[in-house]
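So that the names make sense, note that chain A is the first sequence line, chain B the second, and so on, each numbered from 1.
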Amino acid sequence: GDSVTQMEGPVTLSEEAFLTINCTYTATGYPSLFWYVQYPGEGLQLLLKATKADDKGSNKGFEATYRKETTSFHLEKGSVQVSDSAVYFCALINTGGFKTIFGAGTRLFVKA
Amino acid sequence: EAQVTQNPRYLITVTGKKLTVTCSQNMNHEYMSWYRQDPGLGLRQIYYSMNVEVTDKGDVPEGYKVSRKEKRNFPLILESPSPNQTSLYFCASSSVRDGREQYFGPGTRLTVT
């Protein structure tokens, strides 16, 4: 079945450091891919998405590129801030389907 | 304001006592879904609904029921809760036309003793 694998956390970085959170997936067909962010005590909110191969999603300085050849959707940010501390989830929805598969989440701590 | 609401936000109950967690959205979304979040497991889909009277199982449906009688509401029913259903529950909704990004409620923390 479909699956999403994320790098384990927690990830601890200093402010202004470069961030990469790895995400790889297994799916039949051509899924849509998402990154969601969960701040403490809140529900998830969409960070960015990509719906086809080579698409790049971007938002708030975060970027991720849909790589079909490596089945990956890694999240990057050039310079993190303390306010980026949160849990990040990679997710997919398969083409024509409505089941959603989430990764286990990666907790990010950013130190001032 | 576009939002997904859940009630209650916190609930402590005992094994076997039926309970319902309500979910409502005001965005006229066709798709609604329930997830549970457990440490180290991420979010797992319990049930989803593609429209009124259309529901289907997610990955962990055992012990749960849902109904979709109105487009805006999608309650989650635990007819006989057990301690392994202690978890954080999220409801979400999306349009089926705009790339399926989901809007999440604030969560319901359920403890079953």
Could you state the interatomic distance from [atom1] ([X]) to [atom2] ([Y]), rounded to the nearest 0.5 Å?
X	Y	atom1	atom2	answer
A/Leu47	B/Glu101	CG	CD	11.5 Å
A/Ile93	B/Gln102	CD1	CD	5.0 Å
B/Tyr103	A/Leu46	OH	CG	7.5 Å

Side-chain heavy atoms under 4.5 angstrom apart, residues restricted to Ile, Leu, Val, Met, Phe, Trp, Tyr: same cluster for [X] and [Y]?
X	Y	value
B/Val21	B/Val4	no
A/Ile101	B/Phe104	no
A/Leu48	A/Met7	yes

Might you confirm whether atom [atom1] of [X] has over 12 heavy atoms from other residues, nucleotides or ligands at distances under 6.0 Å?
X	atom1	value
A/Tyr30	OH	no
A/Phe18	CZ	yes
B/Arg109	CZ	no
A/Glu42	CD	yes
A/Glu69	CD	yes

Q: Measure distances from B/Leu41 to the heavy atoms of chain A and classify the residue's part below 4.5 Å as side chain, backbone, both or neither.
A: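 Contact with chain A is through the backbone of B/Leu41 alone.
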Q: In plain terms, say whether B/Asp56 and A/Lys99 are close enough for a salt bridge, that is, a side-chain N and a carboxylate O under 4.0 Å apart.
A: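 Salt bridge absent between B/Asp56 and A/Lys99.
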Q) Under a 4.5 Å heavy-atom cut-off, does chain B meet the side chain of A/Gln38, its backbone, both or neither? A)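 The side chain, not the backbone.
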Q) Between B/Gly40 and A/Ala104, what is the shortest heavy-atom contact and its length? A) O-CB, 3.6 Å
Q: Identify the residues of residues 82-91 of chain A whose heavy atoms come closer than 4.5 Å to a heavy atom of chain B, ordered by number, or report 'none'.
A: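 Contacts with chain B: A/Phe89.
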Q: Go through the steps to decide whether B/Tyr35 and A/Thr100 satisfy the test side-chain hydrogen bond (donor to acceptor under 3.5 Å, both in side chains), and finish with yes or no.
A: CA-CA 10 Å; B/Tyr35 301 90; A/Thr100 309; 3.2 Å; yes
